[in-house]
2 protein chains.
Amino acid sequence: MNHRDRIRLLINRHARLDAALMRSAQLNAVQVVALEYLANANRFSRSPSHVADYLGTTRGTMSQTLKSLEAKGLVSEERLADDRRSIRYRLTEAGRAALRAANADRCADTGMNDADQAMLERLLARSLADRVARTGTKMFGICRECRHHELRQNGQRYCHLLNVVLAEEEAEQLCHEQVPA
Amino acid sequence: MNHRDRIRLLINRHARLDAALMRSAQLNAVQVVALEYLANANRFSRSPSHVADYLGTTRGTMSQTLKSLEAKGLVSEERLADDRRSIRYRLTEAGRAALRAANADRCADTGMNDADQAMLERLLARSLADRVARTGTKMFGICRECRHHELRQNGQRYCHLLNVVLAEEEAEQLCHEQVPA
DNA sequence: CTTTATAGTAGCGAGTCGATACTATTGCAA
DNA sequence: TTGCAATAGTATCGACTCGCTACTATAAAG
């Protein structure tokens with residue numbers, strides 16, 4: 001057992017215990033993480049394929065999960081005009097409420113001070129970035145920290161990959177095309 | 001989104017992506033973590049109930065998982081003489097091989113230096129300890145770091161809770177009764 | 001000796017999971 | 001323009017997890 005193995009074990013147990021805390025809610029772990037992703041992803045990154053990539057599963061599996069969330073009224077699907085094959089999911093108000101409830105269930109305070117939490121977040125993000133680089137998956141980081149993101153002098157934000165002007169709040173959202181700067 | 005929420009998201013995605021890496025093996029995530037637990041737990045902590053506690057699931061669910069592992073020949077069950085209700089699972093040689101293979105599949109190097117890995121492990125352990133304290137579950141730490149563990153002058157190790165002499169290698173094993181010193 | 005607690009299991013329904021095969025749409029190229 | 005390949009999503013399959021309830025067997029408490 002080296003550091004790497006123990007870290008993996010800790011991460012897996014953490015995730016399991018976290019999933020157990022959601023037993024009270026009407027949702028399971030994958031459903032909550034999918035909801036959380038959709039709540040934070042930008043308008044270019046909310047298709048079944050994107051959620052599947054984010055969680056390392058398949059389109060088929062995620063399609064089922066999203067359909068079950070839709071049946072519960074927590075997300076709604078929206079067909080795109082420019083590509084009629086694609087779907088863009090969006091949280092309903094009930095979905096946002098369910099997400100808030102699920103997060104509230106999972107105990108608020110960690111007992112760790114802010115500096116340690118920031119350090120833990122930073123190290124986890126680094127570890128995840130390493131894995132992403134090794135396995136050729138995508139990072140799904142926030143738009144603002146992307147290579148293609150430009151904050152112009154007039155305060156406008158622009159994506160050089162998709163060639164679109166971005167709304168201010170989109171700078172903090174997750175993007176499937178994100179490449180760390 | 002505060003630190004706590006982002007940490008939870010990172011941990012959950014890490015665990016998902018890790019599970020996806022085991023797709024090639026003949027095992028899924030829960031089965032691997034259960035095997036890993038049984039490989040590292042001491043002789044007092046290898047019942048279905050203990051594995052269930054460790055992973056925050058139920059006896060019934062874990063019973064099924066362990067039966068499926070037994071059907072694959074990766075673990076063997078052993079009835080206890082002193083309490084004929086109880087079962088103690090043990091990895092077979094095939095089980096140890098499967099565990100090694102699953103770990104090898106999950107990419108060796110992390111790209112992080114040793115100090116950062118140690119720090120990440122420490123912070124994850126702290127975070128887990130906090131959660132355990134809050135939710136009233138058990139820590140399952142290693143024997144050597146337990147309140148009931150004593151290293152005597154003659155080098156012998158003793159557990160004051162179970163009142164037994166411990167073998168040297170048991171000092172590093174996981175115990176369901178462990179309480180951090 | 002009865003009652004209660006504990007350890008494990010069987011069986012249920014919902015849901016994930018990976019895989020395959022399918023439809024519909026889009027894009028490319030001859 | 002037509003034809004073919006790539007893409008996005010889904011239906012369906014079998015295996016499995018998951019939480020739950022009900023059950024058996026054993027142990028402990030009174």
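Convention: sequence-line order gives letters A, B, ...; per-chain numbering from 1. Just so it is clear, the structure is predicted and the values come from calculations on it, not from any experiment.
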When you measure from the side chain of A:Gln64, which nucleotide among D:dC18, C:dT16, C:dG15 comes out closest?
C:dT16
Whole-Å distance separating the CG atom of B:Asn28 from the C1' atom of D:dG14:
14 Å
Would you mind classifying the nucleic acid contact of A:Arg88 as base, sugar-phosphate or nothing, using non-hydrogen atoms under 4.0 angstrom?
nothing
With a 4.0 Å cutoff (strictly under), does any side-chain N or O of B:Ser68 reach OP1 or OP2 of D:dA15?
no
Atom-pair distance (NZ on B:Lys67; P on D:dC18), nearest Å
17 Å
Can we say A:Glu78 and A:Arg46 salt-bridge, meaning some charged N sits less than 4.0 Å from an Asp/Glu carboxylate O?
no
Any side-chain N or O of A:Thr57 under 4.0 Å from OP1/OP2 of C:dG18?
yes
Please report the distance, rounded to the nearest Å, between CZ in B:Arg79 and C1' in C:dA7.
9 Å
B:Arg85, nearest nucleotide to its side chain (from C:dT9, D:dA25, D:dT7)
D:dA25
Atom CD1 of B:Ile87 and atom P of D:dT24 are separated, to the nearest Å, by 18 Å
Looking at B:Ser49, I'd like to know whether one of its side-chain N or O atoms comes within less than 4.0 Å of OP1 or OP2 on C:dG8.
yes
Ignoring the backbone of A:Val30, work out which of D:dT10, D:dA8, C:dT16 is nearest its side chain.
C:dT16
Regarding A:Tyr158 and A:Glu150, do their side chains bring together a donor and an acceptor under 3.5 Å, going by distance alone?
no
Quick one: is C:dG8 close enough that its OP1 or OP2 comes under 4.0 Å of any side-chain N or O from B:Ser63?
no
Can A:Arg131 and B:Asp18 be counted as an ion pair, charged N to O under 4.0 angstrom?
yes
When you check the gap from the basic side-chain N to the acidic O, do A:Arg79 and A:Glu77 get nearer than 4.0 Å?
yes
Give B:Arg84 one of three labels, base, sugar-phosphate or nothing, depending on what nucleic acid heavy atoms sit under 4.0 Å from its own.
sugar-phosphate
Check every strand shown and say whether A:Thr61 touches a base, only sugar-phosphate, or nothing at a heavy-atom separation below 4.0 Å.
base
Tell me which of B:Arg16 and B:Ser86 sits closer to the 5' end of DNA chain C, going by the nucleotide each one is nearest to.
B:Ser86
Tell me: CG of B:Leu27 to C1' of D:dT17, nearest whole Å?
14 Å
Nucleotide nearest A:Asp83 (side chain, heavy atoms from C-beta), chosen from D:dG19, C:dT25, C:dT9:
C:dT25
Round to the nearest Å and state the distance from B:Lys72 atom NZ to D:dA15 atom P.
12 Å
Result for 5'-nearest mapping on DNA chain D, choosing between A:Glu77 and A:Ala19, is A:Glu77
When A:Ala20 and A:Pro48 are each assigned the nearest nucleotide of DNA chain D, the 5'-most assignment goes to A:Pro48
Any side-chain N or O of B:Gln31 under 4.0 Å from OP1/OP2 of D:dT17?
yes
Kindly indicate whether the side chain of A:Arg157, heavy atoms from C-beta on, has any atom under 4.5 Å from the side chain of A:Glu170.
no
Centre-to-centre under 6.0 Å for A:His176 and A:His50, is that the case here?
yes
Given C:dG18, D:dG9, D:dG19, identify the nucleotide with an atom nearest to the side chain of A:Arg59.
D:dG9
Can you tell me how far P of C:dT16 sits from CG of A:Leu35, to the nearest Å?
11 Å
Between C1' on D:dG19 and CD on A:Gln26, what's the gap in Å once rounded to a whole number?
15 Å
